[in-house]
Amino acid sequence: GVEAEQDALEYLASRPEDGEGWLALGEARLAQGPKAEREARAAFAKAAAYLDGDDPRPSLGEGRAHLSSKRYPEALAALSAAAARPQKRRAEILTWRSRAYSALGDWGAAQGDLNKALPDLERVLDDRRRTGAVKRGHDAARKTLADAYFRRGLAHEALKAKDPALADHRSACDLGLAPACARV
């Protein structure tokens, strides 16, 4: 958090027009929690000014910052802007946007985003397994996939689809997510 912010600020002092530096600053501030959310959004806005207009990362960061402060309509708008760009980081964007939809009670849209994201998340985990990068379950790809299955299970529950909810919670449990195991 704070150390990463200092590193990014030092870097930006000598390279103030580097969009990647502004992204790093935004991420560092976002890691500090809701108290630094406004500063994180400002850094993501600066990044957007210097990066290619098709890069979804500044909008993704802005959306995540709004989510951290429970400003769900704003989060949905920023994440939808990120999703409208070329498919770079598509699964990540859709997973985050599903959180905004869920918070707003639009379970169908949350489920739809997760339906689109899950095949990509499965592919990432399969690739990591194939290369030997995943062995014991402490991998971010596994956790991300488990969380997506769990969230889709919650959406199925809200939509009164018991069997699909149970299947998704089982998948999340098989990937090691304890809250999903409690629902099976």
Side-chain angles (χ1 to χ4, degrees), residues 1 4-5 7-8 11-12 17-34 36-37 39-69 71-104 106 109-131 133-134 138-152 154-155 168 171-172 175 177:
E5 179 182 22
D7 289 345
Y11 175 82
L12 287 167
E17 295 180 359
D18 185 341
E20 296 293 332
W22 287 105
L23 280 176
L25 180 60
E27 290 296 335
R29 288 177 170 167
L30 191 56
Q32 294 175 35
E37 176 265 337
E39 293 83 5
R41 284 190 297 113
F44 290 127
K46 285 286 253 187
Y50 295 116
L51 293 172
D52 176 0
D54 284 339
D55 193 325
R57 294 176 298 167
S59 293
L60 174 59
E62 178 188 355
R64 290 173 42 231
H66 283 302
L67 278 173
S68 77
S69 293
R71 285 199 307 282
Y72 303 119
E74 294 86 348
L76 181 60
L79 293 165
S80 292
R85 295 196 170 89
Q87 297 302 309
K88 186 177 181 182
R89 300 181 81 153
R90 175 181 170 252
E92 180 183 6
I93 293 164
L94 294 176
T95 301
W96 282 103
R97 189 171 72 172
S98 76
R99 292 174 186 223
Y101 279 131
S102 296
L104 292 167
D106 190 344
Q111 177 189 15
D113 274 359
L114 290 166
N115 287 344
K116 292 175 196 165
L118 276 162
D120 292 342
L121 297 173
E122 287 275 5
R123 202 168 12 266
V124 168
L125 182 57
D126 286 345
D127 289 347
R128 292 185 57 75
R129 283 179 176 149
R130 199 172 17 266
T131 62
V134 174
H138 298 291
D139 183 76
R142 182 187 303 249
K143 291 177 184 174
T144 300
L145 180 60
D147 182 68
Y149 271 119
F150 181 66
R151 290 182 176 284
R152 190 173 72 174
L154 295 175
D168 280 346
S171 294
L175 291 164
L177 188 66

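All of these numbers come straight from a predicted model, not from anything done at the bench.
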Could you tell me which non-hydrogen atom of Ala78 sits nearest to which non-hydrogen atom of Ser59, and how far apart they are? O-CB, 3.4 Å
Quick one: CG on Leu76 to OH on Tyr101, what's the gap to the nearest 0.5 Å? 5.0 Å
Between Ala141 and Val124 the two heavy atoms that sit nearest each other are CB-CG1, 4.0 Å
Look only at the side chain of Ser80 and the backbone of Ala77, and say whether a donor-acceptor pair between them is shorter than 3.5 Å. no
From Asp18 atom CG to Leu12 atom CG, the distance as rounded to the nearest 0.5 Å: 7.0 Å
Restricting to side-chain contact (heavy atoms from CB on, under 4.5 Å), what partner residues turn up for Tyr50, sequence neighbours left out? Glu17, Trp22, Lys46
Answer yes if the side chains of Arg151 and Ser102 hold a donor-acceptor pair under 3.5 Å, and no otherwise. no
Taking atom CG of Leu125 and atom CG of Leu145, what is their separation to the nearest 0.5 Å? 6.0 Å
Do you know which two heavy atoms are closest between Tyr72 and Ala100, and how far apart they sit? O-CB, 4.2 Å
Closest approach of Ala8 to Ala24 (non-hydrogen atoms, all atoms of both residues): CB-C, 4.2 Å
Sequence neighbours excluded, which residues qualify as side-chain hydrogen bond (donor to acceptor under 3.5 Å, both in side chains) partners of Glu74? none
Partners meeting side-chain contact (heavy atoms from CB on, under 4.5 Å) with Ala36 (sequence neighbours left out): Arg29, Gln32, Glu39
pair Leu154-Phe150: side-chain heavy atoms closer than 4.5 Å: yes
In chain order, what residues pass the side-chain contact (heavy atoms from CB on, under 4.5 Å) check against Thr144, with sequence neighbours excluded? Leu121
With heavy-atom distances below 4.5 Å as the criterion, would you say the side chains of Arg152 and Asn115 are in contact? yes
Please determine whether a side-chain nitrogen of the Lys or Arg among Asp147 and Arg99 lies less than 4.0 Å from a carboxylate oxygen of the Asp or Glu. yes
Set out, in order, the CA-CA distance, both residues' side-chain angles and the distance that settles side-chain contact (heavy atoms from CB on, under 4.5 Å) for Leu51 and Glu20, then state yes or no. CA-CA 8 Å; Leu51 293 172; Glu20 296 293 332; 3.9 Å; yes
Rounded to the nearest 0.5 angstrom, the CD-CZ distance for Glu92 and Arg64 is 6.5 Å
To the nearest 0.5 Å, what is the distance between OG1 on Thr95 and CZ on Arg89? 11.5 Å
Distance col, row Leu94:CG vs Leu79:CG, nearest 0.5 angstrom, shows 9.5 Å
Looking only at side-chain N and O atoms, does Glu37 offer a donor or acceptor that is under 3.5 Å from a partner on Ser68? no
For Asp7, which residues count as a side-chain contact (heavy atoms from CB on, under 4.5 Å) partner, sequence neighbours excluded? none
Have a look at Phe44 and tell me which of Leu60, Leu23, Leu25 forms a side-chain contact (heavy atoms from CB on, under 4.5 Å) with it. Leu23
Pairs involving residues 110-121, ordered by first then second residue, that meet salt bridge (Lys or Arg N to Asp or Glu O under 4.0 Å) (sequence neighbours left out): Arg90-Asp120, Arg97-Asp113, Asp120-Arg123
Testing the basics here: between Trp96 and Leu67, what is the closest heavy-atom pair and its distance to 0.1 Å? CE3-CD1, 3.5 Å
Could you check if a side-chain atom of Asp52 sits within less than 4.5 angstrom of a side-chain atom of Asp54, using non-hydrogen atoms only? yes
Is there a donor-acceptor pair closer than 3.5 Å between any side-chain N or O of Ser69 and the backbone N or O of His66? no
